[in-house]
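By convention in this document, chain letters (A, B, ...) are assigned in the order of the sequence lines, proteins followed by strands, and residues within each chain are numbered from 1.
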2 protein chains.
Amino acid sequence: MFNAVAEPRRREILDLLMEGERPVNDIVARLELGQPQVSKHLKVLREVGLVDARDQGRMRVYRLNGHGLKPIHDWVSNYERTWSERFDALDAVLEELQDKEARDDES
Amino acid sequence: MFNAVAEPRRREILDLLMEGERPVNDIVARLELGQPQVSKHLKVLREVGLVDARDQGRMRVYRLNGHGLKPIHDWVSNYERTWSERFDALDAVLEELQDKEARDDES
DNA sequence: TTGACATATACCGATATGGGTATATGTTGT
DNA sequence: ACAACATATACCCATATCGGTATATGTCAA
């Protein structure tokens with residue numbers, strides 16, 4: 001899953017699909033990459049559930065399934081506290097509470 | 001960057017470092033992996049700025065630098081709207097506004 | 001200074017991966 | 001039925017990556 005997204009071209013494909021669903025050739029036209037390569041990347045993305053496909057006439061239309069990114073989002077979110085100012089503020093509050101408790105215990 | 005985090009063992013190392021800074025051998029003891037392999041993973045993590053190192057006596061203590069994950073968090077966040085209920089609610093509001101405008105234009 | 005320790009690096013082999021070219025599969029229009 | 005089209009797959013090659021083993025580098029302790 002992480003691996004699927006680690007590939008720059010695959011991220012490009014996902015970014016592109018955020019605009020809306022697209023048949024393979026549209027994607028090929030945008031990316032500077034051969035059609036077989038795009039099909040392979042799409043296969044990988046499909047296998048991990050990041051995109052879905054729908055047959056329409058002789059073309060296959062791919063659309064984004066962003067829900068597949070939730071695991072990554074969840075994992076990264078655990079680290080957000082290490083940089084986010086929002087969490088720094090929260091830390092400050094918690095620390096203050098601890099200090100207050102310590103003072104209360106003393107007295 | 002994405003690539004550094006795509007490796008399961010490297011994610012394990014990061015998860016482990018969330019508990020606090022650790023010398024290499026501590027990490028080796030936790031992961032079931034040889035010391036050279038751990039050193040190599042740490043090197044990769046250091047190169048992309050996800051960990052920092054500090055020399056203490058004859059050991060090198062590594063600590064997490066979660067800030068390096070912000071780019072990933074930012075990228076994934078763009079997709080959050082595609083699954084989050086929070087954003088679904090926002091979409092509903094926006095849609096309602098559009099409907100309202102449409103009705104106003106008619107009259 | 002010497003030996004034990006902590007870590008990094010060099011090297012090897014197996015496997016995976018990405019792009020390229022050719023071709024197979026399936027669909028439409030005539 | 002046939003030709004053009006859209007996509008997928010098979011195969012090849014070059015390169016990257018991971019784990020493993022051996023070894024180099026640097027530090028402490030006696």
Practice prompt. Quickly work out the A:Asn3 CG to C:dT17 P distance and round it to whole Å.
Written response: 6 Å
Worksheet item: Under 4.0 Å between a side-chain N or O of A:Arg9 and OP1 or OP2 of C:dG19?
Response: yes
Practice prompt. State whether B:His41 places a side-chain N or O below 4.0 Å from either non-bridging phosphate oxygen (OP1 or OP2) of D:dT17.
Written response: no
Worksheet item: Under the 3.5 Å rule, do the base of C:dA8 and the side chain of B:Gln35 count as making a donor-acceptor pair?
Response: yes
Worksheet item: What nucleotide, of C:dT9, D:dC11, C:dA4, holds the atom closest to the side chain of B:Arg58?
Response: C:dA4
Worksheet item: Between A:Tyr62 and D:dA6, does any side-chain N or O lie under 4.0 Å from OP1 or OP2?
Response: no
Discussion item. Can you see whether A:Arg9 engages A:His41 through a side-chain donor-acceptor pair at a distance of less than 3.5 angstrom?
Written reply: no
Discussion item. Under a 3.5 Å cutoff, is there a donor and acceptor pairing between the side chains of A:Asp15 and B:Tyr79?
Written reply: yes
Item to complete: Would you verify whether the NZ or CZ of B:Arg11 falls within 45 degrees of the ring axis of A:Phe2 while also being under 6.0 Å from that six-membered ring's centre?
Response: yes
Worksheet entry | Between C:dT28 (P) and A:Asp55 (CG): distance, integer Å | 10 Å
Item to complete: Could you check A:Val44 against B:Lys43 and say which one's nearest nucleotide on DNA chain C is further toward the 5' end?
Response: B:Lys43
Discussion item. Does A:Glu7 contact C:dG18 through a side-chain donor or acceptor facing the base, at a distance under 3.5 Å?
Written reply: no
Worksheet, complete the sentence: Rounded to whole Å, the CZ-P distance (A:Phe2 to D:dT17) equals 18 Å
Discussion item. Using a heavy-atom cut-off of 4.0 Å across all strands, would you classify A:Pro36 as base, sugar-phosphate, or nothing?
Written reply: base
Practice prompt. Report yes or no: do A:Val5 and A:Leu31 belong to one cluster of Ile/Leu/Val/Met/Phe/Trp/Tyr joined by side chain heavy-atom distances under 4.5 Å?
Written response: yes
Worksheet item: Does OP1 or OP2 of D:dT7 have a side-chain N or O of A:Asn25 closer than 4.0 Å?
Response: yes
Fill in: Out of C:dT21, D:dC11, C:dA8, whichever nucleotide has its closest atom nearest the side chain of A:Lys40
D:dC11
Discussion item. Rounded to whole Å, how long is the line connecting atom CE of A:Met59 with atom C1' of D:dA4?
Written reply: 14 Å
Worksheet item: Are A:Asn65 and B:Trp83 close enough that some pair of their side-chain heavy atoms sits under 4.5 Å apart?
Response: no
Worksheet item: Over how many whole Å does the gap from A:Arg54 atom CZ to D:dA6 atom C1' extend?
Response: 15 Å
Worksheet item: In whole angstroms, how far is the P atom of C:dG18 from the CZ atom of A:Arg11?
Response: 12 Å
Discussion item. Without decimals, in angstroms, what is the distance between B:Leu33 CG and D:dG20 P?
Written reply: 6 Å
Worksheet item: Taking the side chain of B:Val24 as heavy atoms from C-beta outward, which of C:dA8, D:dT9, D:dA8 is closest to it?
Response: C:dA8
Discussion item. Nearest whole Å is fine: how far is D:dT9 C1' from A:Leu42 CG?
Written reply: 14 Å
Worksheet entry | D:dA8 OP1/OP2 closer than 4.0 Å to side-chain N/O of A:Arg60 | yes
